[in-house]
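Structure, as structure tokens:
Sequence positions, counted from 1, serve as the residue numbers for this chain. All values reported here derive from a predicted model rather than from experimental measurement.
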Amino acid sequence: FMGLNVYKTEPFIKTPEEKNQEIEKMRDLKKQYREQQKQEKSENGDSVYGEQNDYYLTIVFNNNSDKWNFLKKIRKDVKEKYIKASIIYDVVKEEYRF
């Protein structure tokens, strides 16, 4: 270590130009990160509203009576909490009478 100043450090005080460069660099990094996240979400089928494995849909009826009538028409128990998507597709194809 002869001749080296091991205690020399960079000054903490930066010029306005150095501060602006640092701020701009941070903004660019944040922007790159957001764009990368957005790209990964679109590739995975994700959205801002849920994760990729969110494959549930909630249907809300006006009251229990309406729910029970619907479940009876699709020949399901009135206590049923889950139905397969294929049943909804059948409803759309009018395979059930309403």
Side-chain angles (χ1 to χ4, degrees):
F1 295 112
M2 297 178 86
L4 290 176
N5 183 355
V6 292
Y7 298 105
K8 183 178 180 185
T9 60
E10 290 188 28
F12 288 109
I13 301 173
K14 299 188 185 241
T15 65
E17 293 83 20
E18 290 173 323
K19 286 183 184 178
N20 288 338
Q21 287 174 347
E22 200 168 307
I23 290 170
E24 201 56 42
K25 182 179 177 183
M26 290 302 294
R27 285 181 181 155
D28 288 342
L29 289 172
K30 286 181 182 179
K31 183 177 179 181
Q32 287 175 350
Y33 176 78
R34 284 192 304 268
E35 289 174 359
Q36 179 184 358
Q37 293 297 311
K38 187 176 179 182
Q39 179 68 28
E40 288 176 6
K41 286 183 180 216
S42 70
E43 288 173 358
N44 294 333
D46 293 347
S47 73
V48 294
Y49 299 106
E51 298 177 5
Q52 181 179 359
N53 62 356
D54 182 16
Y55 52 91
Y56 291 97
L57 169 69
T58 303
I59 299 174
V60 179
F61 292 90
N62 290 329
N63 52 51
N64 281 335
S65 179
D66 288 349
K67 176 189 168 194
W68 296 334
N69 287 333
F70 175 79
L71 290 171
K72 286 177 184 176
K73 287 178 183 178
I74 61 171
R75 298 184 283 288
K76 295 290 178 188
D77 183 48
V78 294
K79 296 177 185 173
E80 189 68 52
K81 296 223 179 252
Y82 300 97
I83 58 173
K84 292 184 177 184
S86 60
I87 292 177
I88 300 299
Y89 293 133
D90 290 344
V91 168
V92 171
K93 289 189 272 182
E94 298 180 359
E95 294 189 21
Y96 293 99
R97 294 183 182 194
F98 284 91

For the [atom1] atom of [X] and the [atom2] atom of [Y], what is their distance to the nearest 0.5 Å?
X	Y	atom1	atom2	value
Glu95	Tyr89	CD	OH	13.5 Å
Lys72	Asp77	NZ	CG	10.0 Å
Thr15	Gln21	OG1	CD	7.0 Å
Lys81	Lys76	NZ	NZ	15.5 Å
Ile87	Arg75	CD1	CZ	9.0 Å
Tyr82	Thr58	OH	OG1	8.5 Å

Checking side chain to side chain contact (heavy atoms under 4.5 Å, CB included) for the pair Lys25/Asp28: CA distance, chi angles, key distance, verdict?
CA-CA 5 Å; Lys25 182 179 177 183; Asp28 288 342; 5.7 Å; no
Group every Ile, Leu, Val, Met, Phe, Trp and Tyr by side-chain heavy-atom contacts under 4.5 Å, then state whether Ile74 and Ile59 land in the same group.
yes
Using a strict 4.0 Å threshold on nitrogen-to-oxygen distance, state whether Lys38 and Glu35 make a salt bridge.
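No, no charged N to carboxylate O under 4.0 Å.
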Is the CD atom of Glu80 crowded by more than 12 outside heavy atoms at less than 6.0 Å?
yes
Around Glu94, counting heavy atoms of other residues, nucleotides and ligands shown, do more than 12 lie under 6.0 Å from its CD?
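Counting neighbours around CD of Glu94, 12 or fewer heavy atoms of other residues, nucleotides or ligands fall under 6.0 Å, so no.
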Of all the heavy-atom pairs spanning Tyr96 and Val91, show the shortest one and how long it is.
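That would be CD1-CG2, 3.8 Å.
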If every non-hydrogen atom of Ile88 is compared with every non-hydrogen atom of Phe70, which pair is closest and at what distance?
CD1-CZ, 4.4 Å
Determine, stepwise, if the pair Leu71 / Phe61 fulfils side chain to side chain contact (heavy atoms under 4.5 Å, CB included).
CA-CA 11 Å; Leu71 290 171; Phe61 292 90; over 6 Å; no
